[in-house]
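The chain is numbered in sequence order, starting from 1. Remember, it's a predicted structure, so these values are computed and weren't measured experimentally.
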Amino acid sequence: MKLKDVSNNIEYKVLSGSVEAEVSALTIDSRKAEKNTMYVAIKGFTVDGHKFIPSAVKSGASAVLCEHALEEYDENAAYIQVENPRKALGWCAKNFYGNPSAGMNIIGVTGTNGKTSTTYFLEEILKENNRKAGVIGTVEIRAAGERLNYKLATSTTPDTIELNTILCDMKNRGCTDVAMEVSSHGLQLYKVDGVEFNVGIFTNLTQDHLDLHGSMENYLKAKARLFKMCKVGVMNVDDSYFEKMKEAADCDIITFGIKKDCDIKAVNIEYMMDRVVFDILYKGKSYNVNFKIPGEFSVYNALGAVGGALCSGVPMETIVEALGNIKGVPGRIQNVAEGRDFNVFVDYAHTPDGVLNIIKSVRAFTKGRVITVFGCGGDRDRTKRPIMGEISAKLSDYSVITSDNPRTEEPMDIIKEIEVGVKPVTDKYEILVSRKDAIYRAIEMAKPGDSVIIAGKGHEDYEIFKDKTIHFDDAEVAREALGIKA
């Protein structure tokens with residue numbers, strides 16, 4: 001493909017060379033540049049890709065997309081200048097890969113919590129409707145039920161080139177629909193620009209990623225970009241940021257919720273240990289759902305999926321049938337204490353709202369105590385640490401504070417910041433830096449009727465330290481503590 005075709009529909013200035021240059025690959029990593037590669041120089045948070053342009057060209061790059069003029073140009077490559085390389089890359093990738101999202105029903109799910117569950121539920125609903133669905137998200141990437149082996153540079157939302165490669169693969173495998181998690185990072189960094197979204201789903205907005213966005217207002221603006229890119233938005237009317245999200249949208253809106261009037265409403269809700277039963281009111285009709293995943297937040301996630309499926313042409317009767325068959329999502333309110341007289345739940349909750357929701361949901365059906373094991377990730381939003389500590393202190397009967405991917409920080413430093421929120425509320429807590437010890441301790445404490453919550457990592461099977469990454473799976477360790485053989 002010619003450079004002029006790759007860069008079609010973006011504004012650029014030719015700094016050197018010819019737009020007739022041949023392009024056979026795209027990359028943002030100069031180390032992956034080879035013959036006829038277009039290298040896109042991006043200014044990162046710590047490294048400026050412009051400094052690696054000479055290296056990319058030396059390796060064979062035939063074209064360079066950059067943000068500013070350079071001191072010198074290699075005659076072996078063409079150089080084009082754009083205002084925002086990240087944004088331009090989305091459209092270049094769309095052109096290069098032949099607009100893979102066109103012709104597929106792309107459903108984007110954004111929000112602080114619930115993205116993974118919502119995409120899983122959508123996959124099951126679409127499958128019930130005899131559709132071939134793809135899923136792109138935090139846990140894995142699947143096409144028509146088959147796991148695809150992609151090693152992504154970032155979690156949740158793949159980088160632009162990766163994303164277009166995946167969409168191409170899914171299209172070639174016959175996928176008619178794709179449900180994908182769309183993170184605020186992905187939106188702010190233009191990773192999904194050029195993707196033709198049909199439906200956008202807004203689950204909720206609570207504190208997270210303020211280390212990147214700086215404020216809740218900026219966080220909301222990043223999320224709201226999805227609803228300027230899709231044809232119809234499905235939004236949680238009960239969320240405190242709903243009105244602002246709706247105001248920022250450029251698409252038609254369908255609402256769902258439990259508390260307020262809306263298009264898709266859950267009523268007559270009955271919460272149980274292993275499920276939740278409710279009725280969905282939609283267009284004057286009532287549909288009964290027996291949903292085998294407990295918790296109020298599960299109802300919200302289900303309703304979001306219902307909205308996305310309806311906008312994708314799936315009949316409500318098929319949707320209800322599919323919801324009744326869904327068994328669960330890895331690492332999301334996953335009970336690993338089979339056959340015991342107490343519960344042990346593994347859950348991905350790693351934000352203040354996530355911890356609040358999981359404890360409240362488990363509290364609703366727990367006859368005894370709620371014991372919560374949790375920590376906070378290193379090199380991430382520090383302001384949420386004491387908030388999460390206070391929530392666990394107020395809502396749990398006992399808290400065990402531990403590590404959770406400390407990364408470059410000292411685990412005890414993180415724990416001390418969590419403890420700031422715990423100490424003024426209760427003395428019913430303890431600190432165990434070793435996550436394994438913390439899980440063993442909580443399970444050892446459990447008595448008949450109690451529920452242990454192991455929050456923060458969910459499906460993850462690793463723990464990241466400053467000098468190493470080790471295998472660590474909360475569910476696996478919990479089963480070991482329970483004496484359950486793999």
Side-chain angles (χ1 to χ4, degrees), residues 113 116-117 120 135 137-142 147-152 155-156 273-274 292-295 298 326-351 354-355 358-359 361-362 366 370-378 380 388 392 396 398-407 411 414-415 430-447 450-486:
N113 301 306
T116 298
S117 293
Y120 266 68
V135 174
T138 308
V139 177
E140 61 186 0
I141 296 169
R142 291 188 308 285
R147 183 168 187 164
L148 305 184
N149 189 27
Y150 283 96
K151 302 293 184 184
L152 302 181
S155 63
T156 306
M273 184 183 77
D274 63 342
K292 299 180 184 70
I293 306 173
S298 294
I326 294 171
K327 295 188 172 86
V329 180
R332 272 55 174 184
I333 199 163
Q334 179 183 357
N335 194 347
V336 297
E338 298 97 337
R340 302 304 168 103
D341 53 10
F342 58 86
N343 304 304
V344 178
F345 294 102
V346 171
D347 194 84
Y348 191 53
H350 61 284
T351 65
V355 172
I358 185 65
I359 299 176
S361 295
V362 171
T366 299
V370 174
I371 303 164
T372 304
V373 180
F374 76 104
C376 290
R380 297 293 185 268
M388 288 171 63
S392 184
S396 307
Y398 199 84
S399 299
V400 184
I401 310 171
T402 188
S403 295
D404 181 350
N405 292 331
R407 299 182 176 87
I414 299 171
I415 289 169
E430 63 185 276
I431 292 168
L432 287 169
V433 177
S434 163
R435 192 170 180 89
K436 180 175 181 178
D437 289 348
I439 292 171
Y440 267 72
R441 170 63 176 147
I443 290 173
E444 179 187 84
M445 292 174 61
K447 297 176 180 178
D450 289 350
S451 288
V452 174
I453 300 169
I454 306 168
K457 292 177 66 60
H459 65 281
E460 293 178 353
D461 61 359
Y462 55 84
E463 190 166 15
I464 306 169
F465 297 89
K466 68 170 66 175
D467 58 344
K468 60 185 176 180
T469 297
I470 65 170
H471 174 78
F472 196 96
D473 185 313
D474 280 353
E476 189 179 291
V477 174
R479 290 191 183 102
E480 286 176 6
L482 290 162
I484 299 172
K485 294 182 179 179

Residue pair His471, Glu463: steps toward the side chain to side chain donor-acceptor pair (under 3.5 Å) verdict: CA-CA 6 Å; His471 174 78; Glu463 190 166 15; over 6 Å; no

Would you check if [X] and [Y] make a side-chain contact, meaning some heavy-atom pair closer than 4.5 Å?
{"X": "Arg407", "Y": "Phe465", "result": "no"}
{"X": "Ile453", "Y": "Val373", "result": "no"}
{"X": "Val329", "Y": "Gln334", "result": "no"}
{"X": "Lys466", "Y": "Pro406", "result": "no"}
{"X": "Thr372", "Y": "Ile359", "result": "yes"}

Given Asn335, Asp274, Asp450, the one that forms side-chain hydrogen bond (donor to acceptor under 3.5 Å, both in side chains) with Asn343: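 Going through Asn335, Asp274, Asp450 one by one, the side-chain hydrogen bond (donor to acceptor under 3.5 Å, both in side chains) with Asn343 is satisfied by Asn335 alone.
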
Please check if the side chain of [X] supplies one atom and the backbone of [Y] the other of a donor-acceptor pair under 3.5 Å.
{"X": "Arg332", "Y": "Ser298", "value": "no"}
{"X": "Asp461", "Y": "Phe472", "value": "no"}
{"X": "Thr402", "Y": "Ala438", "value": "no"}

Salt-bridge present (Lys457, Asp473; N to O < 4.0 Å):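 The answer is no: the pair does not qualify as a salt bridge.
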
Glu444 with Arg441: basic N within carboxylate O range, under 4.0 Å: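 Arg441 and Glu444: salt-bridged.
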
Which atom names give the shortest non-hydrogen contact between [X] and [Y], and what distance separates them?
{"X": "Ala481", "Y": "Ile443", "result": "CB-CD1, 3.7 Å"}
{"X": "Asp474", "Y": "Gly458", "result": "OD2-N, 4.3 Å"}
{"X": "Pro411", "Y": "Ser403", "result": "CB-OG, 3.4 Å"}
{"X": "Tyr120", "Y": "Arg142", "result": "OH-NH1, 3.2 Å"}
{"X": "Ile439", "Y": "Ile454", "result": "CG2-CD1, 3.7 Å"}
{"X": "Val336", "Y": "Ala475", "result": "CG1-CB, 3.9 Å"}

Donor on one side chain, acceptor on other, Arg435 and Tyr440, under 3.5 Å: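 No donor-acceptor contact under 3.5 Å links the two side chains.
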
Between Tyr150 and Glu140, a side-chain donor and acceptor under 3.5 Å: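 No, Glu140 and Tyr150 have no side-chain donor paired with an acceptor closer than 3.5 Å.
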
Lys436, NZ: over 12 other non-hydrogen atoms inside 6.0 angstrom: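 Atom NZ in Lys436 is not crowded, with 12 or fewer foreign heavy atoms closer than 6.0 Å.
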
Audit row: Leu432, Val400, side chain to side chain contact (heavy atoms under 4.5 Å, CB included) steps and yes/no: CA-CA 7 Å; Leu432 287 169; Val400 184; 4.2 Å; yes

Tyr348-His459 aromatic ring centre distance below 6.0 Å: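 Ring-ring flag for Tyr348/His459: true, centres closer than 6.0 Å.
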
Sequence-distant partners of Ser392, side-chain hydrogen bond (donor to acceptor under 3.5 Å, both in side chains), two or more places apart: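 Checked Ser392 against side-chain hydrogen bond (donor to acceptor under 3.5 Å, both in side chains); matches are Ser396, Ser399.
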
Quick check for you: to the nearest 0.5 Å, what is the distance between [X] atom [atom1] and [Y] atom [atom2]?
{"X": "Asp404", "Y": "His350", "atom1": "CG", "atom2": "NE2", "answer": "9.0 Å"}
{"X": "Ile415", "Y": "Cys376", "atom1": "CD1", "atom2": "SG", "answer": "9.5 Å"}
{"X": "Arg380", "Y": "Thr351", "atom1": "CZ", "atom2": "OG1", "answer": "14.0 Å"}

Val346 and Arg479: CA distance, side-chain angles, deciding distance, side chain to side chain contact (heavy atoms under 4.5 Å, CB included) verdict: CA-CA 11 Å; Val346 171; Arg479 290 191 183 102; over 6 Å; no

Test side chain to side chain contact (heavy atoms under 4.5 Å, CB included) applied to Glu430 and Ile401, step by step: CA-CA 6 Å; Glu430 63 185 276; Ile401 310 171; over 6 Å; no

Derivation of the side chain to side chain contact (heavy atoms under 4.5 Å, CB included) call for Lys447 and Phe342: CA-CA 7 Å; Lys447 297 176 180 178; Phe342 58 86; over 6 Å; no

